[in-house]
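Shown next, in structure tokens, is the structure this report addresses.
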Amino acid sequence: MAKPLVIVTRRLPDVIETRMMELFDCRLNLDDKPMSQAELLEAVKTAEILVPTVTDRIDAAILSQAGPKLRLIASFGTGVDHIDLKTARQRGITVTNTPGVLTEDTADMTMALLLAVPRRLAEGVRLVRSGEWGGWSPTGMLGHRIWGKRLGIIGMGRIGQAVARRARGFGLSIHYHNRRRVAEEVEQELEATYWESLDQMLARMDMVSVNCPHTPATFHLLSARRLKLMRPDAYIVNTSRGEVIDENALARLLASGELAGAGLDVFEHEPAINPKLLKLDNVVLLPHMGSATIEGRIAMGEKVIINIKTFVDGHTPPDRVLEAMF
Ligand code: 8YV
């Protein structure tokens, strides 16, 4: 049987690329340069299977010109907001992702930001490196305690729950808003309080963590109006997608002291960073590295391979994505 033509848009871990070369007629991207829309168009016209990442915009314009051979988009990543699922379905193209294997890493990074922002970690590093630290002082570098505070989690899926488990260990009490209330056992285990109204929850939290996917329903979920409901001493952390927060409004409120601080691993227009955010001291900005562990990336690649293999063998791939899931 002929091996399927698989086009991979970015560099993946060596072990994954090697295995893909063994299994498939595989075209790799050796210099790791993100593909332009023109290159992507060429790829969907040629490939039977496309392996994109979050940096590829597989929109309706691209998909409507896909070649008849393109049957599967096996995305390397969990979020699928870069793929137009509706057009893919209309064109009979199956879409898969890699859920589950980056939950713990992303939750670790969320917890790191929940600690880093109130305890001014990045400012402390900058001070030491600047050579201007004059030594310990009783009132130097004071931040805020997180123990005993309330954490509001927006999106209580796998990652939200993994954040909650960690946060409990740091003495935070767990509150959450989700489309659906989670199972009673989970609520009990986490001693979590459910808020059907996001507005009501936001107004009462000391810290807020964004852990929901970006969908049309969650675009600017944290709008200027909602951000203004938060308390001026509250912190906000986002390891999900920049688009969930109105970034301009966030920067404004942080600058005017109407919010205490933010930890952002994701941005609305990556890789561009809102210049207003760059001017602020009370923010920790990271380059979308929530799931960036070697173990996680290999596990993601394994999932991509399993999804392709299962599909090529004529079965439903384990991580098939349906529009109704989002
Ligand atoms: C991935 C992510 O590394 O999986 C996701 O949704 O945001 C990242 O952590 C990236 O998407 C890879 O394509």
Side-chain angles (χ1 to χ4, degrees), residues 6-13 15-17 20 28-29 32-35 40 43 49-59 62 72-85 88 95-113 154-155 157-163 209-216 218-219 221 237-245 247 263-273 285-308 317-323 325-326:
V6 177
I7 298 186
V8 184
T9 67
R10 299 296 299 270
R11 276 226 63 178
L12 302 183
V15 284
I16 298 302
E17 290 190 341
M20 285 180 126
L28 303 174
N29 176 355
D32 198 33
K33 202 166 129 274
M35 284 189 178
L40 260 185
I49 295 162
L50 182 74
V51 178
T53 75
V54 69
T55 55
D56 303 301
R57 195 159 42 82
I58 322 277
D59 55 18
I62 292 278
L72 173 67
I73 297 176
S75 193
F76 181 89
T78 300
V80 286
D81 52 334
H82 56 299
I83 304 171
D84 186 329
L85 295 178
V95 176
T96 60
N97 64 347
T98 63
V101 291
L102 32 77
T103 304
E104 305 304 332
D105 296 326
T106 309
D108 283 346
M109 195 57 91
T110 309
M111 198 62 232
L113 286 172
I154 302 175
R158 272 184 279 243
I159 296 174
Q161 290 177 32
V163 170
S209 175
V210 177
N211 297 106
C212 61
H214 166 223
T215 68
T218 64
F219 175 77
L221 184 66
V237 161
N238 187 3
T239 52
S240 163
R241 283 291 182 270
E243 289 91 335
V244 179
I245 304 183
E247 201 171 85
L264 307 174
D265 183 45
V266 287
F267 303 90
E268 232 185 299
H269 307 287
E270 290 178 19
I273 309 282
L285 308 173
L286 296 178
H288 197 145
M289 56 191 276
S291 70
T293 65
I294 293 167
E295 294 86 345
R297 290 284 187 265
I298 291 174
M300 287 159 75
E302 291 281 347
K303 268 194 167 271
V304 168
I305 292 172
I306 291 164
N307 282 320
I308 298 176
D319 304 310
R320 182 169 188 193
V321 175
L322 300 170
E323 285 158 86
M325 292 169 168
F326 294 92

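Please read all numbers here as calculations on a predicted model, not as lab measurements. Atoms within each ligand, like the ligands themselves, are counted from 1 in listed order.
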Let me know which of T106, L113, V210, T110 forms a side-chain contact (heavy atoms from CB on, under 4.5 Å) with D265. L113

Would one find more than 12 heavy atoms of other residues, nucleotides or ligands at under 6.0 Å from atom CD1 of I294? no

Does some side-chain heavy atom of F267 sit less than 4.5 Å from a side-chain heavy atom of H288? no

Below 4.0 angstrom from a heavy atom of S291, which ligand 1 atoms are there? Numbered from 1 as shown, please. 1 (C), 3 (O), 8 (C), 9 (O)

Please write down residue, atom name and distance for the protein heavy atom closest to atom 11 (O) of ligand 1. V54 CB, 3.4 Å

Among protein heavy atoms, which lies nearest atom 5 (C) of ligand 1, and at what distance? T78 N, 3.4 Å

How about CZ on R11, more than 12 heavy atoms from neighbouring residues, nucleotides or ligands closer than 6.0 Å, or not? yes

Ligand 1 versus L102, non-hydrogen atoms closer than 4.0 Å: side chain, backbone, both, neither? side chain

Ligand 1 to R241, heavy atom cutoff 4.0 Å, flagged ligand atoms 2 (C), 5 (C), 6 (O), 7 (O), 11 (O)

Please could you name the atoms of ligand 1 that H288 approaches to less than 4.0 Å, counting only its heavy atoms? 2 (C), 7 (O), 8 (C), 9 (O)

Can you name the one residue among T53, I7, T55 that meets side-chain contact (heavy atoms from CB on, under 4.5 Å) with M35? I7

If I apply the N/O under 3.5 Å rule, does T53 come out as touching ligand 1? no

Enumerate the atoms of ligand 1 whose separation from the nearest heavy atom of M300 is less than 4.0 angstrom. 1 (C), 3 (O)

So does T96 get a backbone contact from the side chain of S75, meaning a donor-acceptor N/O pair under 3.5 Å? no

How about I58 and D84: do any of their side-chain heavy atoms sit closer than 4.5 Å? no

F76-ligand 1 polar pair, N/O distance under 3.5 Å: yes

Ligand-residue contact atoms, ligand 1 with G79, heavy atoms, under 4.0 Å: 4 (O), 5 (C), 6 (O)

Do T9 and L50 come within less than 4.5 Å of each other through their side chains, counting heavy atoms only? yes

Suppose I only count heavy atoms of R297 and a 4.0 Å limit; which atoms of ligand 1 are within that range? 3 (O)

